[in-house]
Protein chains: 4
Amino acid sequence: MARGNTRQRIQDVALELFAEQGYEKTSLREIAERLDVTKAALYYHFKTKEDILVGLFHDLTRPMDELIVWAREQPRTLETKQEILRRYQVALADAAPLFRFMQENQATVRELSVGLTFKERMLELSGLVQEPDFAMKDKVRCISALFTMHAGMFFMQNVEGDPEEKHEAVLEVALDLVAQAHGA
Amino acid sequence: MARGNTRQRIQDVALELFAEQGYEKTSLREIAERLDVTKAALYYHFKTKEDILVGLFHDLTRPMDELIVWAREQPRTLETKQEILRRYQVALADAAPLFRFMQENQATVRELSVGLTFKERMLELSGLVQEPDFAMKDKVRCISALFTMHAGMFFMQNVEGDPEEKHEAVLEVALDLVAQAHGA
Amino acid sequence: MARGNTRQRIQDVALELFAEQGYEKTSLREIAERLDVTKAALYYHFKTKEDILVGLFHDLTRPMDELIVWAREQPRTLETKQEILRRYQVALADAAPLFRFMQENQATVRELSVGLTFKERMLELSGLVQEPDFAMKDKVRCISALFTMHAGMFFMQNVEGDPEEKHEAVLEVALDLVAQAHGA
Amino acid sequence: MARGNTRQRIQDVALELFAEQGYEKTSLREIAERLDVTKAALYYHFKTKEDILVGLFHDLTRPMDELIVWAREQPRTLETKQEILRRYQVALADAAPLFRFMQENQATVRELSVGLTFKERMLELSGLVQEPDFAMKDKVRCISALFTMHAGMFFMQNVEGDPEEKHEAVLEVALDLVAQAHGA
DNA sequence: AATGAATGAGACTTCATTCAT
DNA sequence: AATGAATGAAGTCTCATTCAT
């Protein structure tokens, strides 16, 4: 019925399933069945299974890339770092399923071509919120701020409370951490 | 030739491979070959592949269980919580490969019998470092303290510096976070 | 090369082997080899091994089903019952290998989904050739008539004589038995 | 605890399981577990799995052998044949599980060393209740009498009524059949 | 743009059997 | 009289992938 959008639909379903069950446990048969197409159809749109993941990654990771590009050009002030965190939270929320997937499938993803890229980005980002001459404790604070954001996205679902409120509390804690690292 | 240690050797090799490549990607053939036994020998010692994981989990998770038991009986003071963090860091270090595995294979592990247990433990632990009447921000601080510990174990490997020093910095940041939550 | 008949060919070979060696002893490898296909090809056409059997059963059992449907609508006279026996003999002959298989693999087949169905059919049929108010001895006669038909199909192969003649003798004995049950 | 009787216990359990699930589907592990012994223990008492079956067969088949031996020496009168049927019914009842097993596992048992023997015995027996110069229809009657006995043992369980009464009805029908064959 | 049919590799698992103790 | 440990063969099944149509 619908046509040009098959590629997109494949990605949508794939992401959903990858996030839910993991990459290895999700078979192409499953994806195809859920779309009511044959497996062979998937191969018309993507060269391999990994390719589906790579496609997803490229599409959904752009905000994070743009964040990094933007951040690199800013002065390395506390304000910049706090803005990075704010933007990171937004990027995280927008691509939540992908990040959840990345978080929960590290072992699998590690040796996929995409894996390196992701780790590199995290390292890059962590480099942009700390300073080389920081004391170790302050470096840890900055990294912790980043991971607080992650915990905020995933573990906090288990904590009761208004989502908006949780969201803000998470951001505040993270902002505090970099502020403290900057000697506030 | 065969000594009573085969069961242990299986667990050792399995943990190593599970941590390195993930659970799904590690085949029983691989484990068996590395031990120079047949696959069938694995089945003499463990009923299923999952059972190997369950065995590992039971053995390596005991310190965390004991920590929870101990913590439940303590007064819910700041000092207790800080002691929990200290002990948690030790437990984490002792069973580092298992925790790394758990962290990196969440998607896979989620539907294994072991998965629930692990999540429950994390929730229990997070319940023991916060208080129900805390402001949301303080709750987040406490949870963040826990996750800082995780980041400390795994992501911090990518940060250069003396391991001992990093270790302590991580602990300090975590201790600070609960202290702040307690209004210090 | 591949024509649309593969599914049918699988069933043919499977029935042959199931009847010859039994269900458990017949491996999918064997079936595949005899067809010069891979095992995986079997799984393209049938979801499981049991499914091959279920397919066979559905296809070959139709005459018996139709017989039951027809019989239910007839008046419960002696003539009807004798006609049932005549038709049963034909149905039996048409699906001889399947019936032989069912007969000789009862233990195996009992817990397959197909098993119940088969027993139910036999019970149904036996209900259609006897009457509830018959004396026990007459009930036994009717059941015996049915089983005479089975013996006729399988054990009689060991008795020498013209097949056509045996066939008729078997039918006559069965017809006599119901006739006697009806007080002839 | 108990000792000399292990061999017997193995046979008991094995027969029970063979009859219930079939020979192929019953594993030595299952037998061993039910006896609370190791598989290796079974091998102390029996050389192979088939050997367990052979043992059972030899033990439980004796009455049938004795019946054949006895029958061979009797005059080939109607009375003798009817006595054969009476005795066969008793033999059948005494070794019901074994006969049920034989009946329901013909395909499996066929190529076991024991299989031939069983078929031979059935042929022998069928030779003793008919006469070479009988008309085909009368031969069928005699064979039918034998199979009525089998149906009586197994299928009749599905017919309601007093067991004793069913038992007798079955015998009467069988006796009638040979009587008719003899021109009664 | 997609299907139907098939493959080759490999997964987990079970089994009957052996043998030193 | 029986166990603990292990093996080799085989089984069912699933998967990513291919290719002619």
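Going from atom CD1 of A:I10 over to atom CG of A:N5 covers 10.0 Å, rounded to the nearest 0.5 Å.
Within the 4.0 Å cut-off from OP1 or OP2 of F:dG8, not a single side-chain nitrogen or oxygen of B:T38 is found. The side chain of D:T6 contributes an N or O atom lying less than 4.0 Å from OP1 or OP2 of F:dA2. Distances shown here put a side-chain N or O of C:R29 below 4.0 Å from the OP1 or OP2 atom of F:dG11. Taking 4.0 angstrom as the limit, A:Y44 places none of its side-chain polar atoms (N or O) nearer than this to OP1 or OP2 of E:dA2.
Scanning for salt bridge (Lys or Arg N to Asp or Glu O under 4.0 Å) contacts around D:K25 gives C:E111, with sequence neighbours left out. Residues satisfying the salt bridge (Lys or Arg N to Asp or Glu O under 4.0 Å) test with A:E33, not counting sequence neighbours, are A:R29.
For the pair B:E33 CD and E:dA11 P, the computed distance is 9 Å after rounding to whole Å. Protein atom CG of C:L35 is 13 Å distant from nucleotide atom C1' of E:dA6, rounded to whole Å. Atom P of nucleotide F:dA6 and atom CG of B:D36 are separated by 12 Å, given to the nearest angstrom. A straight line from CG of B:N5 to C1' of F:dG4 spans 14 Å, rounded to a whole angstrom. The nearest whole Å value for the distance from the CD atom in D:E30 to the P atom in E:dA16 is 9 Å. In this structure, CG of C:D51 is placed 14 Å from P of F:dT12, rounded to the nearest angstrom. One can place CD of D:E24 at 15 Å from P of F:dA10, the figure rounded to the nearest angstrom. Straight-line distance from the CG atom of A:L42 to the P atom of E:dA1: 15 Å, rounded to whole Å.
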Give each protein N/O atom lying under 3.5 Å from an N/O atom of nucleotides 17-21 of chain F, with the pair distance.
residue: F:dT17; atom: OP2; partner: A:Y43; partner atom: OH; Å: 2.8
residue: F:dT17; atom: OP2; partner: A:K49; partner atom: N; Å: 2.9
residue: F:dT17; atom: O5'; partner: A:Y43; partner atom: OH; Å: 3.1
residue: F:dT17; atom: O4; partner: A:K39; partner atom: NZ; Å: 3.3

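Counting only distance, with no hydrogens or angles, the side chain of D:R110 and the backbone of C:E20 share a donor-acceptor pair below 3.5 Å. Listed for the C:T108 side chain is no donor-acceptor partner under 3.5 Å among the backbone atoms of C:Y23. Without hydrogens or angle criteria, A:Q106 side chain to A:Q103 main chain gives a donor-acceptor distance under 3.5 Å.
Across all strands shown, the partner of E:dA16 is F:dT7, judged by Watson-Crick or G-U wobble contacts whose two distances both fall under 3.5 Å. Base pairing annotation: F:dT21 forms a Watson-Crick or G-U wobble pair with E:dA2, both donor-acceptor distances under 3.5 Å.
Aromatic ring pairs are classed by plane angle as parallel below 30°, tilted from 30° to 60° and perpendicular above 60°; the pair B:F118 and B:F57 is perpendicular.
When each of E:dA11, E:dA6, E:dC15 is scored by its nearest atom to the side-chain atoms of C:H45, the top-ranked nucleotide is E:dA6. Side-chain proximity of C:A41 to F:dT7, E:dA11, E:dA6: nearest is E:dA6.
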